[in-house]
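Here's the structure, in structure tokens; my notes come after.
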Amino acid sequence: TGQTITLSASQLDEFRKLRETFPSQRNHTLLRWLAASDFNAEEATSNLQEHLRWSSVTLPVDTSTVASLVLGDDPVIVRLSHTADDGSAVVKIAARLLPPPTKESLELCTQAVIWAVESGLRIAEKLSVIYDRSGDTSTSVELDYAKPIVSTLESHYPETLARAYLFPVGGAFRFGA
């Protein structure tokens, strides 16, 4: 995006080490993994290698598998929108009446979010996420679905979140007083 990043001499050394290991990766990708690893090239290498193994099995997400969640008319759970004012891709996750979680339903929802994230990262380096809870939902069921999704995003998409909005805020999501 033409953004200039200033690195210290030690950070630049760590970046060069990572660049030698992953010559085909984009600079932005390497910087994301380095930042997530506190600019430790050895840790970033290990994490990025694990991500690449995961990606080779998981990606690309089969759109026909998640079509009812990302392409259907009602209710749509995940939708990729255009870019925000800051250039980040906007991903909207709309809550709806979710069935009690099963292994299959958790995997399907996680795949739908991965599809949206991957689609967003093709058009921008950062994501803005809008989580609309205004549908008919149960907080405990939502949390059951959120756990594997958040775990996947933390493990495989570090440093990609520009901002996140959650509304309306329910009791389980209230922080502080």
Side-chain angles (χ1 to χ4, degrees), residues 1-63 65-66 69-70 77-95 106-132 142-143 145-167 173 175:
T1 62
Q3 182 181 11
T4 302
I5 299 172
T6 304
L7 300 176
S8 69
S10 63
Q11 289 173 331
L12 186 57
D13 287 341
E14 295 297 297
F15 176 80
R16 287 180 179 142
K17 290 177 193 174
L18 201 59
R19 166 60 59 217
E20 287 174 14
T21 307
F22 301 101
S24 64
Q25 293 293 322
R26 295 179 357 196
N27 287 343
H28 176 75
T29 300
L30 298 178
L31 287 170
R32 280 192 309 116
W33 287 95
L34 270 174
S37 302
D38 293 325
F39 280 86
N40 178 317
E42 186 176 323
E43 182 180 339
T45 297
S46 175
N47 293 339
L48 184 50
Q49 285 172 333
E50 174 56 33
H51 170 72
L52 294 172
R53 278 191 291 277
W54 173 85
S55 295
S56 70
V57 173
T58 306
L59 302 176
V61 172
D62 179 6
T63 308
T65 303
V66 297
L69 296 178
V70 299
I77 190 169
V78 180
R79 182 164 308 240
L80 177 66
S81 197
H82 300 302
T83 57
D85 290 344
D86 65 356
S88 62
V90 178
V91 176
K92 181 181 179 189
I93 302 172
L106 292 172
E107 287 177 8
L108 183 61
C109 283
T110 301
Q111 287 289 305
V113 171
I114 291 169
W115 172 85
V117 168
E118 287 290 324
S119 298
L121 291 176
R122 280 195 283 284
I123 61 173
E125 294 176 349
K126 294 278 190 175
L127 302 172
S128 291
V129 177
I130 301 170
Y131 184 56
D132 177 359
E142 275 184 283
L143 291 174
Y145 278 89
K147 289 174 188 175
I149 292 169
V150 170
S151 175
T152 298
L153 295 177
E154 286 178 335
S155 298
H156 299 288
Y157 299 97
E159 304 294 320
T160 57
L161 185 63
R163 63 178 62 94
Y165 299 99
L166 169 73
F167 68 92
F173 294 100
F175 302 102

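Atom set for the values below is all heavy atoms of this structure, side chains included, hydrogens, waters and symmetry mates excluded. The first residue in the sequence is number 1, and the count goes up from there.
Scanning all heavy atoms of the two residues, the minimum distance from Val91 to Ala116 falls at CG1-CB, 3.7 Å. For the residue pair Phe39 and Glu14, the shortest heavy atom distance occurs at O-CG, 3.0 Å. For Leu18 against Ala41, the heavy-atom pair with the smallest separation is CD1-O, 4.0 Å. Taking every heavy atom of both residues into account, Gly87 and Ala124 meet most closely at O-CB, 3.2 Å. Scanning all heavy atoms of the two residues, the minimum distance from Ser88 to Asp86 falls at OG-OD1, 2.6 Å.
The OH atom of Tyr157 sits 9.5 Å away from atom CG of Leu127, with the distance rounded to the nearest 0.5 Å. Atom CH2 of residue Trp115 and atom CG of residue Leu59 lie 13.5 Å apart, to the nearest 0.5 angstrom. Interatomic distance, Gln11 CD to Asn40 CG, rounded to the nearest 0.5 Å: 12.0 Å. Between Arg19 atom CZ and Leu12 atom CG the span is 12.0 Å, to the nearest 0.5 Å. Taken from OG1 in Thr110 to NZ in Lys147, the straight-line distance is 13.0 Å, to the nearest 0.5 Å. The line from CD1 of Ile114 to SG of Cys109 is 11.5 Å long, rounded to the nearest 0.5 Å.
By the 4.5 Å heavy-atom criterion applied to side chains, Val129 and Val117 are not counted as neighbours. Looking at heavy atoms from C-beta onward, Leu153 lies out of side-chain contact with Thr160 at the 4.5 angstrom threshold. Within the 4.5 Å cutoff, no side-chain heavy atoms of Leu34 are placed close to those of Glu159. At a threshold of 4.5 Å between non-hydrogen side-chain atoms, the residues Leu52 and Gln25 count as touching. Contact annotation: the side chain of Thr29 never approaches that of Phe22 to less than 4.5 Å [non-hydrogen atoms, C-beta and beyond].
No side-chain donor-acceptor contact under 3.5 Å links Ser46 to the backbone of Glu43. In this structure, Ser155 contributes its side chain and Ser151 its backbone to a donor-acceptor pair below 3.5 Å.
By the 4.0 Å N-to-carboxylate-O rule, Glu20 lies too far from Lys17 to be salt-bridged with it.
Other residues, nucleotides and ligands contribute only 12 or fewer heavy atoms inside 6.0 Å of the CD atom of Glu42.
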query = Going through the checks in order, is the side-chain contact (heavy atoms from CB on, under 4.5 Å) test met by His156 and Thr58?
reply = CA-CA 11 Å; His156 299 288; Thr58 306; over 6 Å; no
